[in-house]
Every structure is written in C-alpha cells, then in structure tokens.
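Working notes for the structure below.
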Number of protein chains: 2
Amino acid sequence: MLLTDRQLLILQVIVDDFIRSAQPVGSRSLSKKEEISLSSATIRNEMADLEEMGFIEKPHTSSGRVPSEKGYRYYVDHLLSPQVLNNQDISIIQSIFAEKIFEFETIIQRSAKILSEMTNYTSIVLGPAVNVNKLKKIQIIPLNKETAVAILVTDTGHVENRTVSLPASMDAGDLEKTVNILNDRLSGAPLSELHDKIYKEVAMLLKQHIHNYDFMLHNIAETFKVPISEKLFFAGKTNMLTLPEFHDIDKVRNLFMMIDQEEWISNLIRSKSAGINVKIGSENENSVMEDCSLITATYSAGTEKLGTIAILGPTRMEYSRVISLLQLLSRDLTSVLTRLYHLK
Amino acid sequence: MLLTDRQLLILQVIVDDFIRSAQPVGSRSLSKKEEISLSSATIRNEMADLEEMGFIEKPHTSSGRVPSEKGYRYYVDHLLSPQVLNNQDISIIQSIFAEKIFEFETIIQRSAKILSEMTNYTSIVLGPAVNVNKLKKIQIIPLNKETAVAILVTDTGHVENRTVSLPASMDAGDLEKTVNILNDRLSGAPLSELHDKIYKEVAMLLKQHIHNYDFMLHNIAETFKVPISEKLFFAGKTNMLTLPEFHDIDKVRNLFMMIDQEEWISNLIRSKSAGINVKIGSENENSVMEDCSLITATYSAGTEKLGTIAILGPTRMEYSRVISLLQLLSRDLTSVLTRLYHLK
DNA sequence: GTTAGCACTCACTTTAAACGAGTGCTAATT
DNA sequence: AATTAGCACTCGTTTAAAGTGAGTGCTAAC
C-alpha cells in the first residue's frame with residue numbers, strides 16, 4: 001500500500017483544499033489547479049484508489065471527496081511542510097513576554113488568549129502542578145480576632161492563600177511561634193506533603209509551645225490539605241461557533257459540556273508526551289471529539305516539564321500553522337521560564 | 001388603561017404558559033385551563049384588547065399570543081407571586097456556606113455554579129472591588145537573587161501577588177527595611193492609592209535608607225499600579241444552548257462574544273442599585289440582549305455594598321423562581337460576609 | 001355580556017419536479 | 001499502458017405547489 005507521487009500530490013491538495021473551504025473536493029476543481037495538470041477523469045481514477053485505501057471518503061455517492069481520519073493522519077505525518085511563520089506572527093507571540101513585571105499566571109492566560117486569536121480555534125493551557133513545587137515560606141496574617149490569612153509561597157513564586165479561623169485564646173506571640181515552627185519544619189517540602197508533615201513533624205512541636213494546640217493544628221492541617229491541582233485556562237471557546245462543522249447546536253452543546261468538565265480535559269491534555277502531539281478525531285477516544293483535533297505542546301523550566309498548551313479545533317484544522325505556532329510559543333515559554341526559575 | 005381582573009388573569013396565564021412552553025399561547029388552549037372558564041371566543045376578545053394595549057403580541061397573523069416586553073414588565077411588577085422555595089432548594093443554597101474553612105473567591109464561584117445549576121440559566125457574579133479595600137500588610141519574599149514575590153493583603157483578607165525584579169545590589173537588610181517602610185507608610189491605605197502614595201510618602205524615606213533606591217522605587221510603584229478591578233465569575237454559559245430561543249447559532253455567537261467582553265458585562269451589572277433588579281430585553285440597551293433578561297441582586301458586608309450576583313436568561317425566564325433564589329442567596333451571602341469581615 | 005360558527009390567514013409540512021455537482025464506467029486517443 | 005473525452009447515473013439541494021392545522025377576527029344568535 002504505497003502511494004505514488006501523484007496520489008500523494010492529490011491527497012495533499014484535497015486536504016489543503018478541504019481545510020480551507022470545508023467543502024468536499026471534486027475531481028473537476030482539482031484538475032483546474034495549477035499544481036495538477038491532469039484531466040478530471042484521471043483524477044477520478046486516482047481518487048477511487050485513494051478512497052479504496054481509506055485516505056479519503058465521500059459524504060454521499062455523488063459528492064466530492066473529504067479526507068478521512070486516516071487521510072489527515074497521513075497528511076500530518078508525511079505531507080506537512082512546516083509553515084514558515086511571518087514576522088507579524090512571530091512578533092505577536094513575542095509580545096506575550098514583553099512586559100517587564102510579570103506574573104506566571106498572566107503570561108499563561110495571555111498565551112491562551114493570543115493563541116486563540118491567531119488561530120481562530122480554542123486554546124487550552126494547563127498550568128504547572130503547583131503541589132510538586134517546594135514551599136518557600138508560610139505567612140499567617142491576622143485580620144481580626146477570629147480570622148487570619150494563611151499564605152504559602154513556593155520556590156517558583158506561586159502564591160496560595162486561605163482564610164483560617166483563629167482560636168479565641170491565640171495571641172500574637174503564639175501566632176508568631178506557630179509560623180516560625182511551620183517555616184522551620186516545612187520549608188523546602190513539596191506542597192503535596194504538607195498535610196502529612198504537619199501531623200508527623202509539626203504536631204509535637206506545636207504541642208510544646210502553643211496554648212491552643214489542638215484547634216490550631218487541626219485548622220492548619222485542613223487548610224493545607226486542599227489539593228492544589230493544575231489550573232486550566234481557556235480562550236476562544238466562542239471561536240468554535242463560527243466553524244461550519246459546528247452549525248449544529250447539539251454538537252456544540254455536547255462539546256462545551258465536555259469541555260466544562262475541567263477534570264476530564266485536564267486528563268486529556270496532561271497525559272501527553274513531551275513535544276508536539278497531534279490527536280485527530282476519534283484518536284481522542286471520546287465521541288464528542290469525533291470532529292475535533294487536539295494539538296498539544298509541553299513547556300518546561302530547564303528539564304522539568306511544567307505544563308501543556310493545546311489547541312482544540314476541527315479535524316479540518318490548519319495543522320501546519322497551529323503546529324508552528326505551538327512550537328514557537330512552547331519554546332519561548334520554556335526559555336523564559338527556565339531563565340526565571342532556574343537560577344537558584 | 002386599567003386592566004380588568006379577567007384581563008389580568010388571562011395575561012398572567014399567558015405569561016406563565018409561555019414561560020413554561022416557549023410556544024405561542026392560543027385562545028383555545030387557554031379556555032381549557034381550569035383557572036379560566038370562558039369560551040375561546042371570549043378569550044379572543046380579551047386577547048385582542050390586551051394586544052391593543054401592548055401587553056401581548058402575535059409572531060404572525062394566525063398564531064397564538066406571546067408576551068411583549070411590556071407584558072413581561074407588567075407581569076414582573078404586578079402579577080408575580082413570590083415563589084416559595086422548597087426545602088431542597090433552600091438547603092442547596094445553604095450548602096454553599098457549609099464548609100468551615102472558606103475562601104471568599106471559592107464561595108463566590110460556588111454560588112455562581114450552584115445558581116446556574118438550579119436555574120438552568122447563566123449566572124454571573126461580580127466580586128468586590130478590591131482596590132477600595134485597605135492595605136493590611138505588604139510582604140516581599142525573595143525567591144532568588146533577581147526575583148521576589150510581593151504580596152499585598154487587604155483588611156478583607158484578599159491577597160494580591162506580583163513577581164518583582166530585585167536590583168542586583170539588594171541585600172536582605174535593605175529588603176527588610178523597604179518592607180518595613182512600606183508597611184509603615186501604606187498600611188490602611190486603599191489599594192487604589194498605593195501608587196500615588198509611594199511616590200509622595202515613600203520615595204523620600206527609601207532614598208535615605210536604601211542603596212538602590214531608584215530601581216526599587218520604580219519597580220515597587222509599577223507593581224502596585226496595575227488596577228485591580230472586580231473579578232467576574234461565570235457559570236452555566238452552556239445552559240443557553242439548550243434554550244429554544246437560542247437555536248440560532250448566530251444569535252448564540254453574538255451573545256457569547258458580548259459576554260466575553262468582561263469590561264462590558266461588568267458595567268452592565270455593576271451599575272445597578274441595591275436590591276433586586278430586573279432588566280427585560282431591550283431595557284438592557286444592547287441588541288444582543290434583546291431576547292434576554294437580566295436579574296441582579298447585590299450583596300454586602302454590613303452596609304457596604306460589595307458586589308452583584310446576576311442571572312442571565314431568556315426574556316421568557318422563570319422570574320419568580322429566579323428572584324426568590326437571588327433574594328435568598330444575596331441575603332445569606334450578606335450575612336456571612338458581614339459576620340466575617342465586620343468584626344474588626 | 002357571552003358564545004357558537006365560519007371564513008380567513010399564514011407558518012409549517014409534504015410532495016414532486018428540476019437542478020447540478022460529482023461520480024463510475026467505457027471507449028477512443030496518445 | 002496510460003490518459004482522456006463522453007455519457008449515464010446518483011443524490012443532495014433548491015424551488016414550487018398543494019395540503020394541513022393552529023389560531024384569529026367577525027358576526028349573529030343566545
């Protein structure tokens with residue numbers, strides 16, 4: 001099942017054309033293209049072969065051909081000439097990092113936004129798993145007699161905060177002691193281990209030094225128990241509504257309902273290997289994603305993988321452009337983050 | 001233009017029926033209702049009058065009647081019997097506040113989610129304007145030689161954080177001095193005034209005590225300049241897609257594109273007076289909201305208005321239920337927040 | 001004042017016909 | 001042997017016409 005050069009060319013043109021127009025491609029319109037100097041009849045013969053091999057298919061008997069999933073897969077694996085981005089694209093991507101003072105979350109969010117604007121698809125960014133980060137510092141700042149704010153800062157500069165209740169008997173001295181003990185014992189520990197460590201290592205110490213040991217211990221442990229999972233950012237969901245494949249409102253609704261399940265989409269995106277990853281249609285193993293492709297790219301700091309950026313679009317996606325954009329952005333993100341967080 | 005009791009009854013039944021079914025209501029189906037013991041012909045006469053007065057209208061000559069905006073308005077103002085919520089509804093709302101340790105943002109977000117689930121409409125919650133809150137404490141926590149995290153805590157327990165660059169020459173002592181000066185001078189000031197105050201009151205002091213005065217001053221001022229506006233939370237956008245009035249994908253797209261403009265929606269929601277507020281269709285003064293009604297309620301801490309919760313639905317909305325839910329939730333929110341933040 | 005009856009309206013549904021983009025196959029051409 | 005012109009055929013889409021039915025307005029009778 002080897003394709004001739006001519007079949008390759010025809011397949012490529014069919015895919016390109018369909019990506020552009022969303023209309024089934026007929027033999028006559030192909031024969032008019034510059035790249036192809038064959039009669040429509042010859043093309044029909046080749047198309048019949050391509051169809052037999054499963055690369056293209058007909059929506060109905062008398063219509064033009066449409067790439068099948070297998071066709072897209074072949075196109076992505078073998079026919080894709082990486083699109084050279086123009087200077088404007090490049091400078092837009094780089095504008096994400098232009099601001100001097102920046103927040104990690106801001107960058108991630110802006111990345112998602114810009115990516116969706118540049119592609120007219122939906123972009124999804126999975127932030128780093130905060131709970132593998134190591135604790136840099138704990139602070140507890142009292143607001144009034146009963147309430148205080150607990151703040152965790154990680155070595156990556158991520159800040160988590162929770163409101164905690166203070167025991168009535170707690171005085172400023174006790175609070176300070178508690179914070180000191182916590183910092184002393186917990187600094188450097190991954191956030192995910194805080195809860196355990198508090199009971200194992202901090203409990204005793206607190207008991208010795210603090211009046212309202214019990215209440216406080218419990219409260220603090222609870223506060224730090226809440227799993228801090230990766231944050232998920234979306235941009236350009238509305239773009240889906242402009243695509244002809246989603247003119248059916250039920251399809252859109254099903255897709256949106258799936259997307260709203262952050263749990264599910266996190267798993268979908270997280271479990272991808274490093275580098276660029278393309279999942280076409282049913283490769284995503286979910287019926288609502290049948291008409292969608294998902295392209296993911298990971299970003300890192302140094303050698304440590306931090307998160308994923310993804311583009312969700314129709315199977316009829318501009319693979320070449322999207323891949324180039326993701327490559328560029330993930331590289332830039334990685335280099336900025338490496339610079340920022342890896343000089344200890 | 002005073003309505004007779006019979007006209008009132010008919011109007012009410014028409015609106016109720018249309019809210020339920022989304023289908024134009026005909027005279028015959030009305031005459032079959034228990035509440036109404038009149039022949040269809042009589043009802044037709046009354047309907048003709050109601051139409052002449054502008055309370056109902058016909059989509060086309062030979063169709064049943066549909067409430068007009070004026071009809072909804074009258075219904076909301078005069079015919080609405082506040083729906084008594086059942087125990088299940090009440091306990092669901094109260095479950096929002098069940099958790100012991102809670103974050104303001106978490107509560108707000110959960111409120112939005114639950115509200116949208118209970119109503120099957122879209123809920124929007126506008127958080128408090130953080131920049132009128134007063135500064136409780138500033139902390140700057142160095143991550144490495146070049147970077148630090150600046151943390152602002154307000155008297156309401158809200159935490160803002162930014163990454164800042166440190167001057168190369170900065171040592172631990174300088175940093176501590178800076179933080180002390182900042183806290184000393186800025187505590188109690190509204191966040192919105194920090195930027196000005198830094199130049200007016202802090203600049204001099206820093207100059208006297210800190211080595212790399214210039215770089216630091218600038219950096220800090222910039223860090224605190226970024227306007228911290230009210231956060232906006234959405235839930236149940238997808239619910240719109242199940243409504244028959246939004247079977248037209250273009251309508252949905254226009255609405256979603258409008259909603260995505262946070263700026264715009266903030267203004268729409270913010271500028272409402274205290275208490276419950278109902279805007280029907282074109283009263284929202286935007287063409288994409290023509291088929292939508294927006295019901296808003298404010299929540300406060302003590303006497304200070306903090307934010308707004310809103311439900312966006314079709315003009316054919318279950319006004320009674322939504323108003324009851326919003327009333328309950330805004331009251332509960334207010335009482336919890338008052339308890340929490342008003343015991344200084 | 002109320003109601004039964006009837007002609008009328010108009011969106012929606014159904015059916016049939018015409019259209020046209022595209023195919024597969026065959027026979028002629030290169 | 002590969003290519004192409006020609007032609008019958010398929011089938012979704014468009015257009016037109018006819019039929020259906022929910023609902024109305026009006027009038028005359030109760």
Side-chain angles (χ1 to χ4, degrees), chain A residues 2-11 13-18 20-68 71 244-245 247-248, chain B residues 2-11 13-18 20-68 71 244-245 247-248:
Chain A
L2 212 67
L3 296 178
T4 65
D5 281 357
R6 201 163 72 180
Q7 287 169 329
L8 248 41
L9 175 65
I10 290 177
L11 178 58
V13 177
I14 289 176
V15 178
D16 283 337
D17 198 74
F18 186 69
R20 204 180 33 73
S21 71
Q23 296 298 323
V25 186
S27 56
R28 210 173 117 74
S29 75
L30 280 183
S31 76
K32 280 188 195 147
K33 301 236 170 199
E34 284 183 0
E35 314 95 288
I36 300 178
S37 46
L38 294 166
S39 75
S40 61
T42 311
I43 293 170
R44 277 202 290 282
N45 289 331
E46 297 288 20
M47 283 169 114
D49 292 348
L50 283 171
E51 184 172 10
E52 202 175 353
M53 289 185 278
F55 292 108
I56 55 181
E57 51 199 24
K58 287 185 285 194
H60 58 89
T61 330
S62 68
S63 77
R65 302 309 209 289
V66 157
S68 67
E245 28 270 279
H247 259 327
D248 175 9
Chain B
L2 213 67
L3 297 179
T4 65
D5 281 358
R6 200 163 73 179
Q7 287 171 328
L8 248 40
L9 176 64
I10 291 176
L11 178 57
V13 177
I14 290 176
V15 178
D16 282 337
D17 198 73
F18 186 70
R20 203 179 34 73
S21 71
Q23 295 298 323
V25 186
S27 56
R28 210 171 117 74
S29 74
L30 280 183
S31 75
K32 279 187 196 147
K33 300 235 169 199
E34 285 183 0
E35 314 94 290
I36 300 179
S37 47
L38 295 168
S39 76
S40 62
T42 310
I43 293 170
R44 277 203 288 284
N45 288 331
E46 296 288 21
M47 283 169 115
D49 291 348
L50 283 170
E51 183 171 11
E52 202 175 352
M53 290 185 278
F55 291 108
I56 54 181
E57 52 199 24
K58 289 184 285 194
H60 59 88
T61 330
S62 68
S63 77
R65 301 308 210 286
V66 157
S68 67
E245 28 270 280
H247 258 328
D248 176 9

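So you know, we letter chains A, B, ... as the sequences are listed, proteins then strands, and number each from 1.
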Output all residues satisfying side chain to side chain contact (heavy atoms under 4.5 Å, CB included) with [X], sequence neighbours left out; order by chain, then residue number.
X       : value
B:Ser62 : B:His60
B:Thr4  : B:Arg6, B:Gln7
A:Asn45 : none

Quick one: which residue pairs count as a salt bridge (Lys or Arg N to Asp or Glu O under 4.0 Å) with a foot in residues 22-44 of chain A, not counting sequence neighbours?
->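 Listed by first then second residue: A:Asp17-A:Lys33.
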What N/O pairs connect the protein and nucleotides 15-17 of chain C at under 3.5 Å? Give each pair on its own line.
none

With sequence neighbours excluded, what pairs up with A:Glu57 under the salt bridge (Lys or Arg N to Asp or Glu O under 4.0 Å) test?
->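 For A:Glu57, no residue satisfies salt bridge (Lys or Arg N to Asp or Glu O under 4.0 Å) once neighbours in sequence are set aside.
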Contact string for nucleotides 11-20 of chain D, one letter per nucleotide 5' to 3', B = base within protein heavy-atom range under 4.0 Å, S = sugar-phosphate only, - = neither, reads BS--------
Please identify each residue that fulfils side chain to side chain donor-acceptor pair (under 3.5 Å) with [X], with sequence neighbours left out.
X       : value
A:Ser39 : A:Thr42
A:Ser29 : none
A:Gln23 : none
A:Glu51 : A:Arg65

For residues 22-44 of chain A, which residues have at least one heavy atom under 4.0 Å from DNA chain D?
->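 Residues of residues 22-44 of chain A under 4.0 Å from DNA chain D: A:Leu38, A:Ser39, A:Ala41, A:Thr42, A:Arg44.
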